[in-house]
*Asks:* 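If you scroll down you'll find the structure; I have some questions about it.
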Amino acid sequence: MSDFPLIVFQVANGIIWGLIVALLAVGLNLIYGLLGIVNVAQGAFYMLGAYGMWLGWTLTGSFLTGLLLGPLVIGAAAIVLERTIIRPVEHDHDLTIILTVGLSLVIEQIVHMIFGGDVRAVTSPVTFTIPLFGLSYPGLRIVLAGVALLALAALWIFLEKTRYGLWIRAVRHNPAIAQAMGVPVPQIFAVTFGIGSTLAVLGGALASPIVIVRPEMGADIITVVFVVVIVGGLGNIFGSAVIAVLLA
C-alpha cells in the first residue's frame with residue numbers, strides 16, 4: 001500500500017491542529033500588541049476551555065453547551081482578572097510575565113483541587129467520516145476546523161469592520177491620542193484581554209475531543225504557541241495564524 005494516503009491523513013491532522021494553535025497564538029499576539037503583556041497564562045486558559053467543554057458535555061450531553069460554556073464564563077472572568085490583578089502592573093513588562101506565570105500555576109492547582117489529577121475525555125458528538133484516498137477521515141476534525149476558521153474570520157471582521165475594532169486599532173497605534181479623541185482606553189484594554197483569553201479558551205474547547213483533558217495540558221501547548229508567535233512576529237496578529245498552520 002502506498003504511503004500517500006497516510007501522508008495526506010497526517011497533513012490534514014496537522015492543518016486542523018494548526019488552526020487550534022492559531023487561536024491561542026492570535027489571542028496571545030492580540031494581547032501583546034495592545035497591552036504589551038506576554039500572557040503566559042494563555043495555556044491555562046486553553047486548559048480551562050477543555051475542562052469547560054468536558055463539564056458542559058458531562059452535565060448536559062450537548063456539544064454546543066460545552067463549546068459556549070467555557071468561552072463565555074472564562075472570557076468574562078479574564079476581563080475581571082485584567083481589571084483587578086493585571087492592570088496595576090501593566091506598565092512593568094517583566095512583572096507582567098512573572099504575574100501571568102504565577103496566575104497559570106494558580107489556575108492549574110485550582111483545577112487539580114476541584115477535579116483531581118485524573119484524565120478526562122470528551123466523547124465525539126460527530127460520527128460521520130469522509131473518504132480520503134481509501135481511508136476514513138473523522139468528520140469531527142473537519143467540524144472543529146470549521147469552527148476555528150469561523151472564529152478567526154469573526155475576529156478579523158470585528159477588528160476591521162466595527163467601531164470597537166477601530167478603537168482597538170487606534171489604541172494600539174497611540175493610546176494617548178486615542179484617549180484624547182474620546183476612546184475609552186481602560187475599557188478597550190479589558191475587552192482586548194478578554195477576547196485574547198477567550199480565543200485560548202475556545203481552542204481548548206475545540207481540542208478537548210481529540211486530546212486528553214488534564215490539568216497539565218496547558219503547559220504542553222504554551223511552548224508551541226510561543227514558537228508560533230515568535231516566528232510569526234510579536235504583534236503580527238494574523239501572521240501568527242498562518243505560521244501556526246504552516247508549522248503544524
*Asks:* Please tell me if the side chains of Met113 and Glu108 come closer than 4.5 Å, counting only heavy atoms from C-beta onward.
*Replies:*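 Heavy-atom side-chain distance check fails, nothing below 4.5 Å.
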*Asks:* If you define the side chain from C-beta out and look only at heavy atoms, does anything of Ile188 sit under 4.5 Å from Val183?
*Replies:*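 A side-chain contact under 4.5 Å exists here.
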*Asks:* Below 4.5 Å, heavy atoms only, C-beta onward: do Ile212 and Met217 meet side chain to side chain?
*Replies:*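 Sidechains of Met217 and Ile212: no contact.
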*Asks:* Give, for atom CG of Asn174 and atom CZ of Arg169, the distance between the pair rounded to the nearest 0.5 Å.
*Replies:*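 If we round to the nearest 0.5 Å, Asn174:CG and Arg169:CZ are 15.0 Å apart.
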*Asks:* Looking at side-chain heavy atoms only, is the closest gap between Asp220 and Arg214 below 4.5 Å?
*Replies:*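 In short, these two side chains touch, coming nearer than 4.5 Å.
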*Asks:* If the condition is salt bridge (Lys or Arg N to Asp or Glu O under 4.0 Å), which residues does Asp92 pass it with, not counting sequence neighbours?
*Replies:*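 Asp92: no salt bridge (Lys or Arg N to Asp or Glu O under 4.0 Å) contacts found.
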*Asks:* Do Asn39 and Thr100 have side-chain N/O donor and acceptor atoms under 3.5 Å apart?
*Replies:*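 Their side chains do not contain a donor-acceptor pair, so the 3.5 Å distance test is not met.
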*Asks:* In terms of hydrophobic clustering (I, L, V, M, F, W, Y; side-chain heavy atoms under 4.5 Å; direct or indirect links), are Ile195 and Leu72 co-clustered?
*Replies:*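 Different clusters.
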*Asks:* Shared ILVMFWY cluster between Ile97 and Leu81, side chains joined below 4.5 angstrom?
*Replies:*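 They do share one cluster, since a chain of ILVMFWY contacts under 4.5 Å joins Ile97 to Leu81.
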*Asks:* If you define the side chain from C-beta out and look only at heavy atoms, does anything of Ser104 sit under 4.5 Å from Phe45?
*Replies:*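 Contact flag for Ser104/Phe45 side chains = no.
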*Asks:* Kindly work out whether a path of hydrophobic side-chain contacts (I/L/V/M/F/W/Y, heavy atoms less than 4.5 Å apart) joins Leu166 to Leu159.
*Replies:*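 The answer is no; the residues belong to distinct hydrophobic clusters.
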*Asks:* Just how far is it from atom CD1 of Ile31 to atom OG1 of Thr96, taken to the nearest 0.5 Å?
*Replies:*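 Rounded to the nearest 0.5 Å, the CD1-OG1 separation comes to 11.0 Å.
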*Asks:* How long is the gap from CD1 on Ile86 to CD1 on Ile79, to the nearest 0.5 Å?
*Replies:*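 Between Ile86 CD1 and Ile79 CD1, I get 11.5 Å after rounding to 0.5 Å.
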*Asks:* Could you go through the side-chain contact (heavy atoms from CB on, under 4.5 Å) check for Val229 and Tyr32 one step at a time?
*Replies:* CA-CA 10 Å; Val229 169; Tyr32 177 82; over 6 Å; no
*Asks:* Does any part of the side chain of Leu202, heavy atoms only, come nearer than 4.5 Å to the side chain of Leu67, both counted from C-beta?
*Replies:*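 Yes, side chains in contact.
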*Asks:* Got more than 12 heavy atoms from elsewhere within 6.0 Å of CD1, Ile130?
*Replies:*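 Yes, because the 6.0 Å sphere around CD1 of Ile130 holds more than 12 heavy atoms from other groups.
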*Asks:* Who passes ring-ring contact (aromatic ring centres under 6.0 Å, His included) against Phe189, sequence neighbours left out?
*Replies:*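 Phe189 satisfies ring-ring contact (aromatic ring centres under 6.0 Å, His included) with no other residue.
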*Asks:* Verify side-chain contact (heavy atoms from CB on, under 4.5 Å) between Leu23 and Leu206, making sure each step is shown before the conclusion.
*Replies:* CA-CA 10 Å; Leu23 291 173; Leu206 294 177; 3.8 Å; yes
*Asks:* How is the hydrophobic cluster of Val73 composed, in terms of its other members, when Ile, Leu, Val, Met, Phe, Trp and Tyr link through side-chain heavy atoms under 4.5 Å apart, directly or indirectly?
*Replies:*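 Direct or chained contacts put Val73 with Leu69.
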*Asks:* Is it the case that over 12 heavy atoms from other parts of the model lie below 6.0 angstrom from the CD1 atom of Ile177?
*Replies:*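 Not buried by this count: 12 neighbours or fewer within 6.0 Å.
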*Asks:* Should the ring pair Tyr164 and Trp167 be called parallel, tilted or perpendicular, given that the plane angle runs from 0 to 90° and is split at 30 and 60?
*Replies:*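 It falls in the tilted class, 30° to 60°.
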